[in-house]
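Shown next, in structure tokens, is the structure this report addresses.
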Amino acid sequence: MPGILLGEVFPNFEADTTSGRIKFHDFLGDSWGILFSHPADYTPVCTTELSRAAKLADEFKKRGVKMIALSIDSVEDHKNWSKDVMAFANEAGTPLPFPIIADDKRELSVQLGMLDPDERNKDGLPLTARCVFVIGPDKKLKLSILYPATTGRNFDEILRAIDSLQLTAQKKVATPVDWKPGEKVMVIPSLPDSEASALFPNGVTTKEMPSGKKYLRYTQI
């Protein structure tokens with residue numbers, strides 16, 4: 001089946017973009033990366049999403065994340081559409097701060113499992129779903145979110161998830177429900193109490209549960 005699973009090396013595809021031809025792994029370098037796909041240029045939800053992503057470009061940069069979008073139209077269409085996107089962001093005349101991949105033959109969309117069978121264009125062809133792929137510096141897929149073409153993404157949530165991914169890649173912790181940076185995190189179950197005490201100088205607290213099992217361990221990073 002087409003598509004890519006968490007933990008797999010992301011394909012090192014070559015593609016034309018609004019910033020020229022790229023080889024994906026070279027584009028990423030040693031950075032984290034985010035690739036988000038769009039059903040088509042000049043579509044309403046996509047325009048709002050790219051506009052929001054553009055406004056958050058500094059937030060992604062601060063986290064060392066390179067941004068790149070994909071849509072099933074040509075480079076020329078992408079460049080012209082970008083003007084609408086930046087105008088919607090109230091930044092008319094400013095260039096889009098990240099490239100858009102041209103996938104007019106839908107080859108990459110098929111390879112990465114991006115097509116939405118329920119949403120079709122005027123010619124009856126399936127649109128690309130709203131995929132989000134976050135790739136680590138090791139070029140492996142760290143997060144995948146798949147929205148249908150009719151539902152716009154929440155980029156605040158994507159940034160929150162990246163904060164969690166980057167933290168948990170470095171520390172032996174997990175982030176609980178609705179976690180935000182600065183809040184307490186959870187010690188992973190495989191870490192013994194003796195090691196946890198040494199690793200987390202701010203201490204570890206355990207939530208008592210009716211089962212008596214001491215698996216809800218919290219610490220402050």
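Every heavy atom of this structure was used, including side-chain atoms; hydrogens, water molecules and symmetry mates were not. Predicted model, so just to flag it, every value in this text is computed and none were measured.
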Mark yes when over 12 heavy atoms from residues, nucleotides or ligands other than Lys66 sit less than 6.0 Å from its NZ; otherwise mark no. yes
Checking one residue: Tyr215. Which other hydrophobic residues are in its cluster under the side-chain 4.5 Å linking rule? Met186, Met209, Leu216, Tyr218
Does Asn202 have more than 12 heavy atoms from other residues, nucleotides or ligands lying within 6.0 Å of its CG? yes
Might you point out which heavy atoms bring Phe88 and Ser51 nearest each other, and give the distance in Å? CD2-OG, 3.4 Å
Among residues two or more places apart or on two chains, list those pairs meeting salt bridge (charged side-chain N to carboxylate O under 4.0 Å, His left out) that have a residue in residues 172-201. Asp193-Arg217
Residues in salt bridge (charged side-chain N to carboxylate O under 4.0 Å, His left out) with Lys142, at least two apart? Asp138
side-chain contact (heavy atoms from CB on, under 4.5 Å) filter on Asp73, not counting sequence neighbours, yields Ala40, Asp41, Ser71, Asp77, His78
Check Pro11 against Phe24 and note the closest heavy-atom contact, atom names and distance. O-CD2, 3.8 Å
Of the options Met86, Lys61, Lys55, which is the one that meets Pro97 in a side chain to side chain contact (heavy atoms under 4.5 Å, CB included)? Met86
Show the numbers, then the answer: is there a side-chain hydrogen bond (donor to acceptor under 3.5 Å, both in side chains) between Asp104 and Ser74? CA-CA 6 Å; Asp104 40 335; Ser74 67; over 6 Å; no
Show which residues join Val204 in its hydrophobic cluster (side-chain heavy-atom contacts under 4.5 Å, direct or indirect), or state none. Leu167, Val173, Trp179, Val185, Val187, Ile188, Leu191, Leu199, Phe200, Ile221
What I want to find out is whether Glu157 reaches Arg160 closely enough, with some N-O distance under 4.0 Å, to be called a salt bridge. yes
Do the ring centers of Phe36 and Phe155 come within less than 6.0 Å of each other? yes
Which heavy atom in Thr168 sits nearest to a heavy atom in Ala174, and how many Å separate them? CG2-CA, 3.9 Å
Quick check for you: to the nearest 0.5 Å, what is the distance between Ile135 atom CD1 and Phe10 atom CZ? 4.5 Å
Taking the basic N atoms (NZ, or NE/NH1/NH2) and the acidic carboxylate oxygens, is any pair closer than 4.0 Å for Glu49 and Arg52? no
Note: Lys140-Glu8 ion pair, threshold 4.0 Å (strictly below): no
With a cutoff of under 4.5 Å between side-chain heavy atoms, which Ile, Leu, Val, Met, Phe, Trp and Tyr residues group with Leu5? none
Of the options Ile162, Leu35, Leu141, which is the one that meets Val134 in a side chain to side chain contact (heavy atoms under 4.5 Å, CB included)? Ile162
